[in-house]
Each structure stands twice: as C-alpha cells, then as structure tokens.
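None of the values given here were measured: they were computed from a predicted structure.
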Amino acid sequence: MLSSLSAWLVNPRRNPLARLHMNAVASRLRKYGLRYDDLYDPYHDLDIKEALGRLPREVVDARNQRLKRAMDLSMKHQYLPADVQAIQTPFRGYLSDMLALVKKEAAEREALGALPLYQRTIP
C-alpha cells in the first residue's frame, strides 16, 4: 500500500500537485533553454561523470552550450525570447539510459567483488 501511495504521489499523470510541480520546473527550464538532465553535476556524482564521458561528443557539446547560454542569460538577468522558449523540450532526456547502464555495471562489479574503475571520492 505504501509503495502504491508513493507511486501516486510522484506520478504527474495521476497527482495534480505533481503535475503542477512538473509544469513549474518545465517553465523555469524553458526560460533558460535547459533540459532536466543538464542539472546533473558531474563533480558531485562520479557515475554521472562516467556517463557523460560515454556519450557522443555532439551530445556533450550541446549540453555545454546550453549550460553556457543559461549562465549568460542568468548573469544578464534575461530570459530566452518567447518564440525560442516555445520550442524547448525540458524533459527530453539524453543521460538517463547511459546513467542506468553505468550504475548497473557498478553494481555488477560490486557483486562480483571486483575493484572499482574509479575511486568514489567527492572532491
């Protein structure tokens, strides 16, 4: 019962509060031209750094350009023009599949007792 309640709470299709939150996050991301996956910090989680390293160069370059544009707009206290905001896709993911693969490989390594590929220390 508790798991069905928690699934209902976070599902924006069923819970109107989750839908409101998702729309608010999408609105903020559109203003700066960001995607939700752009908010992951590679310095905080080394799995994200590994997943970003495995993505194609064009995807990583596009991510870096979106982050630079968002920082520039934020420093200028401006938002993207309304016509550009309309074509933004904030919840179009590009990192989640690779991140799931990296986490699965790390769990498999740990289950087999192998040494990690990288040390899990936060700088």
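Asp47 contributes no side-chain N or O that, together with a main-chain N or O of Lys103, makes up a donor-acceptor pair within less than 3.5 Å. Put simply, the side chain of Gln85 gets close to the backbone of Leu80: a donor and an acceptor are under 3.5 Å apart. Listed for the Gln88 side chain is a donor-acceptor partner under 3.5 Å among the backbone atoms of Val84.
Within a 6.0 Å sphere centred on CZ of Arg19, other residues, nucleotides and ligands contribute more than 12 heavy atoms. Heavy-atom neighbours of Glu110 CD from other residues, nucleotides or ligands within 6.0 Å: at or below the threshold of 12. Taking a 6.0 Å sphere around NZ of Lys31, one finds it holds more than 12 heavy atoms contributed by other residues, nucleotides or ligands.
Leu46 and Leu39 are not part of a single hydrophobic cluster, where members link through side-chain heavy atoms under 4.5 Å apart. Neither Val102 nor Leu55 shares a network with the other; the hydrophobic side chains, linked directly or stepwise wherever heavy atoms of I, L, V, M, F, W or Y lie under 4.5 Å apart, form separate groups for each.
The shortest non-hydrogen separation linking Ala51 to Leu95 is CB-CD1, 3.9 Å. Scanning all heavy atoms of the two residues, the minimum distance from Lys49 to Pro42 falls at CB-O, 3.6 Å.
In this structure, CZ on Arg66 lies 4.0 Å from CG on Asp38, to the nearest 0.5 angstrom. Interatomic distance, Phe91 CZ to Leu29 CG, rounded to the nearest 0.5 Å: 6.0 Å. Rounding to the nearest 0.5 Å places CZ of Arg69 at 9.0 Å from CD of Gln65. A distance of 10.0 Å separates CD of Glu108 from CG of Leu101, quoted to the nearest 0.5 Å. Put simply, CZ on Arg57 and CG on Asp61 are 4.5 Å apart, with the number rounded to the nearest 0.5 Å. Distance check, rounded to the nearest 0.5 Å: CG of Leu99 to CG of Leu52 gives 8.5 Å.
Classification of the Tyr79-Tyr32 ring pair by plane angle, with boundaries at 30° and 60°, yields perpendicular.
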Using salt bridge (charged side-chain N to carboxylate O under 4.0 Å, His left out), reason through Asp72 and Lys68 one step at a time and then give a plain yes or no. CA-CA 6 Å; Asp72 183 52; Lys68 285 180 186 178; over 6 Å; no
Give the intermediate values and the outcome of salt bridge (charged side-chain N to carboxylate O under 4.0 Å, His left out) for residues Glu105 and Arg54. CA-CA 13 Å; Glu105 288 175 0; Arg54 293 183 185 187; 2.7 Å; yes
Where do Ile48 and Asp41 land on the side chain to side chain contact (heavy atoms under 4.5 Å, CB included) test, with the steps shown first? CA-CA 7 Å; Ile48 294 170; Asp41 186 9; over 6 Å; no
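The shortest side-chain heavy-atom distance between Arg35 and Pro90 does not fall under the 4.5 Å cut-off.
Side-chain contact, Arg63 with Tyr94: a donor N or O sits under 3.5 Å from an acceptor N or O.
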